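The structure under discussion appears below in the form of structure tokens.
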Amino acid sequence: MAETNQELLRHRVPVTEEQCRSLAEEMRMLAQPQRLMILLLLRQQRCMVADIERLTGITQPMLSQYLGQLRRAELVVSERVGRKIFYRLAQTVTAQKAQDLLTILVPERSSDGAADEEKSVSSEEWPSHGHGAMFAQLL
């Protein structure tokens, strides 16, 4: 019996179009330089808005917009300690995927400024599932 094009595609593509849209939206949040700077800072420690502003150079009005976008994307959360509000990475599946990807793309630095054991991964070590992009297998 002949399979339809849609049935053939289902066997070749391991995710649905809707899952791809969702993944693209998650990756879009990482594709903006200022949001990326905020996430890289918050993966090291929780920070107050004034600290994020000082360390990144992002002005307060823009920073508020970026933090709102990152909160809505479930990548960061805020927590109140007394009168201070701190931001930190969220403990969600979406935030963990972003953190995993950032760890691969931007190794964390040790206190002396050197990258933690940067290891190159040969193509033989990557899992292979056909023709898809390798980074998609990580997410």
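Excluded from the calculations below are hydrogen atoms, water molecules and symmetry mates; all remaining heavy atoms, backbone and side chain alike, are included. For clarity, every value in this text was computed on a predicted model and none was experimentally measured.
Residues Val106 and Arg43 are in side-chain contact: their nearest non-hydrogen atoms beyond the backbone lie under 4.5 Å apart. Using a 4.5 Å heavy-atom cutoff, the side chains of Leu41 and Asp51 are not in contact.
Met62 and Ile38 fall within a single hydrophobic cluster, where Ile, Leu, Val, Met, Phe, Trp and Tyr side chains are chained together by heavy-atom contacts under 4.5 Å. Residues Ile52 and Val77 do not share a hydrophobic cluster, clusters being chains of Ile/Leu/Val/Met/Phe/Trp/Tyr side chains in contact below 4.5 Å. Residues Leu105 and Leu42 share a single hydrophobic cluster, defined by chaining ILVMFWY side chains whose heavy atoms lie under 4.5 Å apart. In the hydrophobic clustering of this structure, Val81 groups with Met48; members are Ile, Leu, Val, Met, Phe, Trp, Tyr whose side-chain heavy atoms approach within less than 4.5 Å, directly or through other members. Hydrophobic clustering (ILVMFWY, side-chain heavy atoms < 4.5 Å, transitive): Tyr66 and Phe86 are in distinct clusters.
Screening Thr92, Asp100, Thr94 for a side-chain hydrogen bond (donor to acceptor under 3.5 Å, both in side chains) with Gln96, the sole residue that qualifies is Asp100.
The heavy-atom pair separating Ala90 from Ala95 by the smallest distance is O-CB, 3.2 Å. For the residue pair Arg80 and Ile85, the shortest heavy atom distance occurs at NH2-CD1, 3.5 Å. Scanning both residues, Val76 and Leu67, for their nearest heavy atoms gives CG2-O, 4.0 Å. Across Leu30 and Ala98, no two heavy atoms sit closer than the pair CD2-CB, 4.0 Å. The minimum heavy-atom distance between Met29 and Leu75, with the atom names listed, is CB-CD1, 3.8 Å.
Residues passing the side-chain contact (heavy atoms from CB on, under 4.5 Å) test with Leu36 are Leu40, Leu102, sequence neighbours excluded. For Gln99, there are no side-chain hydrogen bond (donor to acceptor under 3.5 Å, both in side chains) partners two or more places apart in sequence or in a different chain. Glu17 pairs by the side-chain hydrogen bond (donor to acceptor under 3.5 Å, both in side chains) definition with Arg21, not counting sequence neighbours. Under the side-chain hydrogen bond (donor to acceptor under 3.5 Å, both in side chains) criterion, Glu74 pairs with no residue at all, not counting sequence neighbours. Applying the side-chain contact (heavy atoms from CB on, under 4.5 Å) criterion to Arg28, with sequence neighbours excluded, gives Glu25, Arg35. Residues meeting the side-chain hydrogen bond (donor to acceptor under 3.5 Å, both in side chains) test with Ser64, sequence neighbours left out: Gln60.
Atoms CG and CD, from Leu55 and Gln45 in turn, are 7.5 Å apart once rounded to the nearest 0.5 Å. Note: Glu53 CD to Ile58 CD1 = 9.0 Å, rounded to the nearest 0.5 Å. Atom OG of residue Ser78 and atom CZ of residue Arg88 lie 9.0 Å apart, to the nearest 0.5 angstrom. Taking CD of Gln34 as the reference point, atom OG1 of Thr59 lies at 9.5 Å (rounded to 0.5 Å). Here the CE atom belonging to Met37 is positioned 4.5 Å from the OG1 atom belonging to Thr56, to the nearest 0.5 angstrom.
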side-chain contact (heavy atoms from CB on, under 4.5 Å) for Glu26 and Lys97? Distances and angles first, verdict last.
CA-CA 9 Å; Glu26 290 172 14; Lys97 287 191 270 186; 3.1 Å; yes
